[in-house]
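This report refers to the structure that appears directly beneath it.
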There are 2 protein chains.
Amino acid sequence: MKRPTIADIAREAGVSKGAVSYALNGQPGVSPATRERILAVADRLNFHADSNARALAGAKARVVGLTLQRPPSTLGIEPFFMELISGVELELSRQSYALLLQMAPSRDEELAFYRRWFSEGRVDGVLVCDVRTGDPRIAVLEELGLPAVVIGPPDVSGRLPSAWSDDAQSMVEAVEYLAALGHRRVARVGGIPELAHTAIRTRAFTEVCARLSLAEAVTAPTDYSGESGARATRRLLTATTRPTAIIYDNDVMAVAGLTVAHELGIAVPSELSIVAWDDSPICRLLHPSLTALTRDIGGYGVAAARMLLAAVAGAPVESAHGAPAHLTPRGSTARHPAS
Amino acid sequence: MKRPTIADIAREAGVSKGAVSYALNGQPGVSPATRERILAVADRLNFHADSNARALAGAKARVVGLTLQRPPSTLGIEPFFMELISGVELELSRQSYALLLQMAPSRDEELAFYRRWFSEGRVDGVLVCDVRTGDPRIAVLEELGLPAVVIGPPDVSGRLPSAWSDDAQSMVEAVEYLAALGHRRVARVGGIPELAHTAIRTRAFTEVCARLSLAEAVTAPTDYSGESGARATRRLLTATTRPTAIIYDNDVMAVAGLTVAHELGIAVPSELSIVAWDDSPICRLLHPSLTALTRDIGGYGVAAARMLLAAVAGAPVESAHGAPAHLTPRGSTARHPAS
DNA sequence: CTGAAAGCGCTTACAG
DNA sequence: CTGAAAGCGCTTACAG
């Protein structure tokens with residue numbers, strides 16, 4: 001099937017190719033009558049400008065890139081990223097942009113993809129996830145001058161704008177809630193320690209526990225997988241003095257934690273309270289349903305995409321703070337000692 | 001930052017642009033010595049050919065597209081698709097291809113994306129998911145002549161090659177297993193009825209139940225969400241004669257079903273056996289762990305991507321059958337009446 | 001084996 | 001307001 005070009009349209013409409021381009025892109029330079037005639041022909045021929053030709057001629061590629069670092073063996077993507085991508089897509093579609101998705105086995109390869117995309121002129125900008133302290137990607141992106149938005153805390157995003165919310169505040173809310181329920185030994189099953197937002201949560205957790213004079217605030221590190229969450233929970237619950245409440249850095253691990261408690265014969269919530277950071281349908285479906293720190297993850301995606309497209313368009317873009325995760329109390333938390 | 005072009009390389013290496021192109025693409029037309037010199041320069045300048053220019057000049061865009069139909073409100077992507085996408089990416093990366101991911105609110109918009117991608121010259125081919133009987137996308141893709149591979153049963157893929165496995169056989173395996181455990185009233189919480197593979201499973205379920213003289217084989221339709229799975233389970237378990245075993249068309253609904261059973265005070269597996277179609281880490285983590293129909297979803301993605309790239313390269317491609325899902329017995333199934 | 005040139009389908013100054 | 005032309009960075013016949 002032959003695709004129509006602006007030359008076809010120009011011929012049909014009896015104008016020059018330049019006029020067609022101006023009309024199609026809403027640029028001045030053609031009279032309203034001519035414009036309308038051109039658009040009618042384009043519509044009739046079901047014309048869509050070749051994106052390669054447009055990009056080559058200096059217009060935007062109308063594509064942004066997103067890389068996800070994950071070992072090649074890992075199957076699937078965490079719920080967090082699924083929601084994030086949904087949100088990103090929502091905003092991109094709205095502005096007729098497409099998303100190039102790339103899984104990278106390592107941080108180095110992630111960097112290589114950014115460089116390659118830049119060299120190949122494939123993307124107009126990129127989204128950056130899972131930022132670590134001193135993440136080399138920030139400097140490289142700044143150096144390349146490729147528009148980019150960081151989905152993560154602003155203090156590690158360098159001069160790049162970031163979209164995130166205040167994790168420290170949410171952590172304080174969760175711990176204060178547990179303390180108000182009478183818990184004195186609160187533990188945490190944390191995310192990947194190297195990630196910047198994990199560090200922020202850890203610091204906040206330690207500080208608020210100290211401020212409330214709770215027992216030593218233990219954070220068990222994990223890789224975010226259900227398996228590692230289960231292992232960490234087992235270790236915490238079989239220690240000599242076990243915690244009466246555990247905060248999990250994601251919902252997958254909280255589900256695993258609930259199962260481990262069952263398995264050890266520890267009743268939730270009467271003997272153990274559980275809080276999941278990030279809410280998901282499964283938190284509501286379980287029995288007991290999980291108390292969660294709820295946030296609009298898709299909203300992060302929408303915001304980040306919007307900021308990125310603004311940056312691509314050359315507008316000055318500032319970091320945006322979304323609403324912090326807020327506590328949604330459900331059946332997995334209760335007073336301690338349970339009354 | 002200025003990106004190097006083949007002109008820069010040609011100048012540095014003291015050859016023509018044509019020679020650079022031939023050398024870079026492994027084409028004949030340059031002597032080994034010249035080729036090596038050119039490649040060395042390209043490497044030193046960290047050169048990557050502009051993909052827009054390449055595609056415009058008639059080479060491949062090195063991008064394939066994948067659309068996912070989902071209502072705009074839906075957050076997240078089902079585990080099945082995450083695994084599938086992981087597999088697709090794995091193979092695409094291997095061949096230096098990128099993936100354009102697009103969520104479409106409706107079937108019509110999905111079609112519009114295919115057409116647009118084709119017109120814009122954005123993709124070399126597309127992957128097609130969630131095929132229905134008489135799906136209009138098949139005919140459109142055949143008409144456009146855009147290389148495409150269907151991830152779904154071959155009997156609805158028209159002349160397009162498909163990657164899938166025999167769902168009927170797996171369904172038979174699951175029902176025979178339950179019958180062997182003594183179950184006579186087996187129900188099913190099925191997926192979206194319009195999808196071709198759902199229809200195949202439903203037919204197989206009905207047939208095998210009849211063959212084994214089991215009670216009327218009821219399939220409750222759902223939209224694959226945990227919520228709809230929970231509702232369907234509640235209905236089945238509160239009917240006058242309730243089933244003693246339920247097969248769920250995905251893991252999310254099986255988890256929801258287990259929770260509903262708990263909630264109604266029906267013990268799993270002693271009073272109710274549960275089988276999940278598609279296995280996932282959560283099936284193993286739950287208590288009891290879920291008996292599942294396990295299949296290599298990522299493998300479908302790998303196979304489909306490989307077939308698509310072969311088709312893009314102009315090779316004849318035949319539909320491929322992967323290994324069918326096989327039963328992985330775990331704690332959620334037992335003899336009935338439980339001994 | 002190599003070089004010079006046309007052409008892919010656009011966009012965008014530049015003249016009229 | 002419009003047309004003719006250059007140019008984006010490649011690939012690929014076509015001559016030498």
Side-chain angles (χ1 to χ4, degrees), chain A residues 1-39 41-42 45-63 96 116-122 124 313, chain B residues 1-39 41-42 45-63 96 116-122 124 313:
Chain A
M1 189 173 238
K2 183 74 179 65
R3 304 181 315 194
T5 70
I6 51 169
D8 299 323
I9 300 188
R11 195 176 338 101
E12 292 252 349
V15 296
S16 71
K17 295 195 307 180
V20 173
S21 177
Y22 290 136
L24 254 26
N25 293 310
Q27 305 277 42
V30 280
S31 65
T34 311
R35 183 183 304 268
E36 206 167 318
R37 185 153 41 93
I38 292 171
L39 291 180
V41 173
L45 297 181
N46 213 313
F47 172 83
H48 292 284
D50 184 297
S51 73
N52 301 116
R54 282 188 32 218
L56 186 57
K60 298 300 177 200
R62 293 192 160 276
V63 181
S96 297
R116 211 149 73 91
W117 283 349
F118 173 79
S119 314
E120 294 180 343
R122 265 196 198 285
D124 297 331
Chain B
M1 189 173 237
K2 181 76 179 65
R3 305 181 315 193
T5 70
I6 52 169
D8 299 322
I9 300 187
R11 197 177 336 101
E12 291 253 350
V15 297
S16 71
K17 296 194 307 178
V20 174
S21 177
Y22 289 137
L24 254 27
N25 294 311
Q27 305 277 39
V30 279
S31 65
T34 311
R35 183 185 303 269
E36 206 166 318
R37 185 155 39 93
I38 292 172
L39 290 180
V41 174
L45 297 181
N46 213 314
F47 171 83
H48 292 283
D50 183 297
S51 72
N52 301 116
R54 281 187 33 219
L56 185 58
K60 298 299 177 199
R62 293 194 162 275
V63 180
S96 297
R116 210 149 74 91
W117 283 347
F118 173 78
S119 313
E120 295 179 343
R122 267 198 195 282
D124 296 332

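In the text below, chain A, chain B and the rest are named by the order of the sequence lines, each starting its count at 1. Worth saying up front: this structure is predicted, and the values here are computed from it rather than measured.
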* V63(A) vs D124(A) side-chain heavy atoms within contact, under 4.5 Å ->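 A side-chain contact under 4.5 Å is absent here.
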Would you classify [X] as touching base, sugar-phosphate or nothing, given that sugar-phosphate means primed atoms plus P, OP1 and OP2, and contacts are heavy atoms under 4.0 Å?
X      : value
V20(B) : nothing
G58(A) : nothing
S51(A) : nothing

* Straight-line distance of H48(B) NE2 to R3(B) CZ, nearest 0.5 Å ->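 It comes to 11.5 Å.
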* Asked: Which value, rounded to the nearest 0.5 Å, describes the distance between R35(A) atom CZ and L24(A) atom CG?
  ->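 Output value for this atom pair is 9.5 Å.
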* **Toward the 5' end of DNA chain D, by each residue's nearest nucleotide, P28(A) or L56(B)** =>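 Here P28(A) is the residue nearer the 5' end.
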* 5'-most contact on DNA chain D: S31(A) or K17(A), nearest heavy atom basis? ->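 The residue mapped nearer the 5' terminus is S31(A).
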Length of the line joining [X]:[atom1] and [N]:[atom2], which is rounded to integer Å:
X       : N       : atom1 : atom2 : value
F118(A) : dG9(D)  : CZ    : C1'   : 15 Å
I9(A)   : dT11(C) : CD1   : C1'   : 15 Å
D50(B)  : dG9(D)  : CG    : C1'   : 6 Å
E120(B) : dC8(C)  : CD    : P     : 20 Å

* **Assigned partner base of dA15(D), Watson-Crick or wobble definition, under 3.5 Å** =>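 The base-pairing partner of dA15(D), which may sit in any strand shown, is dT2(C).
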* Would you please test V41(B) and F47(B) for side-chain contact (heavy atoms from CB on, under 4.5 Å) and show each step? => CA-CA 8 Å; V41(B) 174; F47(B) 171 83; over 6 Å; no
* Asked: Mapping A19(B) and A57(B) to their closest nucleotides on DNA chain C, which lands nearer the 5' end?
  ->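 The 5'-side residue here is A19(B).
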* Closest to the I6(B) side chain: dG9(C), dT11(D), dG3(C)? ->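 Given the options dG9(C), dT11(D), dG3(C), the side chain of I6(B) is closest to dT11(D).
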* Asked: Is the shortest side-chain N/O distance from N25(B) to OP1 or OP2 of dT11(D) below 4.0 Å?
  ->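 The answer is yes; a side-chain N or O of N25(B) sits under 4.0 Å from OP1 or OP2.
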